[in-house]
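Here the structure is laid out as structure tokens; the discussion comes afterwards.
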Amino acid sequence: MSVRVRFAPSPTGFLHIGGARTALFNWLYARHMGGTFVLRIEDTDTARNTQAAVEVIINGLRWLGLEWDEGPTTGDPDGPRKGGHGPYFQSRRGEIYKKRVQELVDKGLAYSSEGAVKFRMTREPITIPDLVVGNVTRVLTDREEIDPDFVLVRSDGQPVFHLVNVIDDLEMGITHVIRGEDHLANTAKHLALFRAFGAEPPKYAHIPLILNSDGSKMSKRDQGASLMTYNDEGYAPEAVLNYLVLLGWSPKGNREVMPAKEIVEMFDLPQILRHNARFDMNKLQWVNWEYLKTMAPERFVELGTAALQRAGVSLEGYTPAYILAALSTAKEKFKTFADLKPFVDFYFQKEVEIPAELAAKQFTAESRPRLARLRAAYAELAAFDHASVEKTLKSVATELGVKAGVLVHPVRVACTGKEIGPSLYHLMEVLGKTEVLRRIDRANA
RNA sequence: GACCCUAUGGUCUAGCGGUUAGGACACCACCCUUUCACGGUGGUAGCUCGGGUUCGAUUCCCGAUAGGGUCGCCA
């Protein structure tokens, strides 16, 4: 039988990083097994569901590169979808639930109570066979001991999570439920429900949770809890995916940085760790940086351009070749695209602003004549590539009897308005002779 | 309160009875260097505790402790 897994988020208005990892593990398993990855929207709590909230989930999954085989393709519950097991919005599956509840009532396994429908839960311990944790035997807690039965349908007619979750997994032919460990204890209820329906339950794999760096539970409000903040903060989705899979899973041979394609090949359920992991921003940053270093130039420019736009840097009027060359000089200078702007903004400014403090420091009575001498040498250069520019600067320095650094700093400030930035020689090559001379003249006026 | 899961440096992890306990991030020092970075070399730091089992426990069992989860007409 072919593997069918699902990611079944509730549209709360954002995609939790832990939820994203759950989706990732499901997706990986589906791809690894050549199975089907289903997206199902658990929107039974109508009060807090909107189309926009569903779109957040859809956009988040697509951003990570987790395309699903079945499910909605837009946030519209009545909109287009793919796959033959729909609808994929629980809010559109009311008839199915109604029929199933009636089935339980007819069997005497469910009953009405104060307007709600409750399930006659077994009082016997239930053993959950879990692919990650092993066999887990759940007995009733003291509170459950008093009344083990639980609500299936609210008095307002809305079915609750446990019910719809089980029915959908059943109707959609889900073979493996890969979900957060926070559902482990609840699985006893789900198993009892499957038994009540006379159906074979799927295999379960409860994966550990992601905690804050201080070990506390990561909730909505915590820093970095929302997947899309990583986009805002300049992380490449491929790096986020790679980092996420490392939380609770690790391949053989001390491998860490590897493309999704390779992860898919190696990924499997039994290797998943059993303990929670803390989210380590430093490590994510490092992974991101590893991706930046080896990233194809086009991709680098694509992500860099988007980041600059977010940061308010306009690239209008500059050629793609210029932008590519400019951004390339900043490669390996920063770890996330959020830090790109200060390294390249001067490329896209007509008049570079030089802070008075820097000007006073670099353009002194002593340095100005040297700068003028260098400017004169540059003016005569035929080829303005980084090698020639460097060679010229160094020979002028020798001629003036100073170290290269003495010329480098004023020129850098003249060209960029900053003391730090890309390799001076390379950035001058990109700026071009005319512009470099113009900037030196302006600074040294 | 009850029940469940978990426990290797600060963090992510390898390990599955005998290892100088391996790797990565972070951190520190030095070197390199046109800035900032990179890179190179070296370094600090770990099996939660207590009982067992065993010739021998990081590894197996029990307990304690700690962290996380669940017990809802939320999902």
Side-chain angles (χ1 to χ4, degrees), chain A residues 8-12 19 42-45 47-49 90 113-118 125 128 130 132-134 136-148 150-162 164-165 180-189 206 208-211 213-218 243 246-257 273-287 289-290 293 330-335 339 342-343 390 393-394 397 403-409 411-413 416 418-427:
Chain A
S10 180
T12 56
E42 306 224 337
D43 58 344
T44 53
D45 187 8
R48 65 186 200 202
N49 293 314
Q90 291 183 331
S113 170
E114 293 181 38
V117 179
K118 295 184 77 175
I128 304 155
D130 191 279
V132 172
V133 189
V136 176
T137 300
R138 246 310 295 269
V139 301
L140 296 178
T141 68
D142 56 354
R143 288 183 226 275
E144 291 168 333
E145 201 68 62
I146 297 166
D147 177 18
F150 58 91
V151 170
L152 296 177
V153 182
R154 303 195 291 224
S155 49
D156 66 2
Q158 281 297 317
V160 305
F161 165 74
H162 299 299
V164 296
N165 190 269
E181 194 210 336
D182 49 339
H183 284 105
L184 182 55
N186 284 154
T187 304
K189 290 177 180 162
H206 287 91
L209 305 179
I210 298 178
L211 271 28
S213 58
D214 66 357
S216 62
K217 181 189 179 183
M218 189 182 269
Y243 174 71
L246 256 22
L247 255 28
W249 177 84
S250 92
K252 295 300 169 196
N254 286 330
R255 302 263 283 122
E256 294 203 295
V257 178
L273 275 298
R274 279 171 269 279
H275 59 269
N276 297 340
R278 300 181 188 206
F279 197 92
D280 183 1
M281 205 62 84
N282 279 325
K283 186 76 174 258
L284 201 216
Q285 209 161 84
W286 174 77
V287 172
W289 188 74
E290 289 294 312
K293 282 195 293 187
K331 206 166 181 179
E332 295 190 31
K333 290 287 176 182
F334 57 93
K335 297 203 165 151
D339 296 329
F343 284 98
E390 175 172 3
L393 184 141
K394 284 184 171 163
K403 295 205 295 189
V406 171
L407 291 176
V408 164
H409 299 294
V411 180
R412 173 182 295 285
V413 170
T416 72
K418 296 186 182 67
E419 287 185 303
I420 67 168
S423 158
L424 177 65
Y425 310 123
H426 290 80
L427 76 84

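Both backbone and side-chain heavy atoms feed into the values below; hydrogens, waters and symmetry mates do not. Numbered from 1 within each chain, the chains take letters A, B, ... in sequence-line order.
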Base-pairing mate for [N] - Watson-Crick or G-U, with both contacts under 3.5 Å:
N	value
B:C60	B:G52
B:A66	B:U6
B:U35	none
B:C74	none
B:U20	none
B:C47	none
B:G42	B:C28

Could you tell me whether [X] contacts a base, only the sugar-phosphate backbone, or nothing, with contacts defined as non-hydrogen atoms closer than 4.0 Å?
X	answer
A:Lys331	nothing
A:Asp182	sugar-phosphate
A:Lys418	nothing
A:Leu209	sugar-phosphate
A:Ser250	sugar-phosphate
A:Leu273	sugar-phosphate
A:Glu114	base
A:His206	nothing

Between [X] ([atom1]) and [N] ([atom2]), how many Å, whole number?
X	N	atom1	atom2	value
A:Asp214	B:A26	CG	P	20 Å
A:Phe161	B:C71	CZ	C1'	14 Å
A:Leu407	B:U34	CG	P	13 Å
A:Trp286	B:C27	CH2	C1'	16 Å
A:Glu145	B:A2	CD	P	13 Å

Name all residues meeting the salt bridge (Lys or Arg N to Asp or Glu O under 4.0 Å) criterion together with [X]; count only those two or more places apart in sequence or in a different chain, and write none if there are none.
X	answer
A:Lys335	none
A:Lys418	A:Asp345
A:Asp156	A:Arg154
A:Lys394	A:Glu390

Would you measure the distance from the [atom1] atom in [N] across to the matching atom in [M] and give it in whole Å?
N	M	atom1	result
B:U13	B:U48	P	15 Å
B:C60	B:G23	C1'	26 Å
B:A24	B:C5	C1'	27 Å
B:A64	B:C27	C1'	34 Å
B:G43	B:U35	C1'	28 Å
B:C61	B:U53	C1'	7 Å
B:G15	B:G50	P	26 Å
B:A21	B:A45	C1'	13 Å

Each nucleotide of nucleotides 3-12 of chain B classed B (base within 4.0 Å of a protein heavy atom), S (only sugar-phosphate) or -, in 5' to 3' order, makes SSBSS---BB

Contact under 4.0 Å: A:Arg154 side-chain N or O vs B:C74 OP1/OP2: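 Answer yes for this pair, as a side-chain N or O of A:Arg154 is under 4.0 Å from OP1 or OP2.
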
Original post:
Are A:Tyr425 and A:Val408 side-chain neighbours, meaning at least one heavy-atom pair lies under 4.5 Å?
Top reply: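 Yes, their side chains come closer than 4.5 Å.
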
Original post:
Under 3.5 Å, side chain of A:Asn276 to main-chain N/O of A:Leu211, donor-acceptor pair present?
Top reply: no

Taking A:Thr416 for the side chain and A:Arg412 for the main chain, is one N or O donor matched with an acceptor at less than 3.5 Å? yes

Judged by whether its glycosidic angle lies within 90° of 0, B:C16 is anti

Heteroatom pairs (N/O) under 3.5 angstrom, protein to nucleotides 61-64 of chain B:
none

Check the interface with nucleotides 36-40 of chain B: list each N/O to N/O pair with the protein under 3.5 Å, or write none.
residue, atom, partner, partner atom, Å
B:C36, O2, A:Lys333, NZ, 3.1
B:C36, N3, A:Lys333, NZ, 2.3
B:A37, O2', A:Glu332, O, 3.3

Results of side-chain contact (heavy atoms from CB on, under 4.5 Å) for [X] - residues two or more places apart only:
X	answer
A:Asp339	A:Phe334, A:Thr336
A:Asp147	A:Lys118, A:Asp149
A:Thr187	A:Ile128, A:Arg179, A:Leu191, A:Tyr204, A:His206
A:Arg143	A:Thr141

Please list, pair by pair, any protein nitrogen or oxygen found under 3.5 Å from a nitrogen or oxygen in nucleotides 41-50 of chain B.
none

| query | Between A:Arg138 and A:Lys189, is a side chain to side chain contact (heavy atoms under 4.5 Å, CB included) present by the stated rule, with each step listed? | reply | CA-CA 10 Å; A:Arg138 246 310 295 269; A:Lys189 290 177 180 162; over 6 Å; no

Item to complete: Please tell me which of A:Ser423 and A:Lys252 maps to the more 5' nucleotide of RNA chain B, matching each residue to the nucleotide holding its nearest heavy atom.
Response: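 Taking each residue's closest nucleotide, the earlier one in sequence belongs to A:Lys252.
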
Discussion item. Please verify the inter-ring angle class for A:Phe161 with A:His183; under 30° counts as parallel, over 60° as perpendicular, anything in between as tilted.
Written reply: tilted

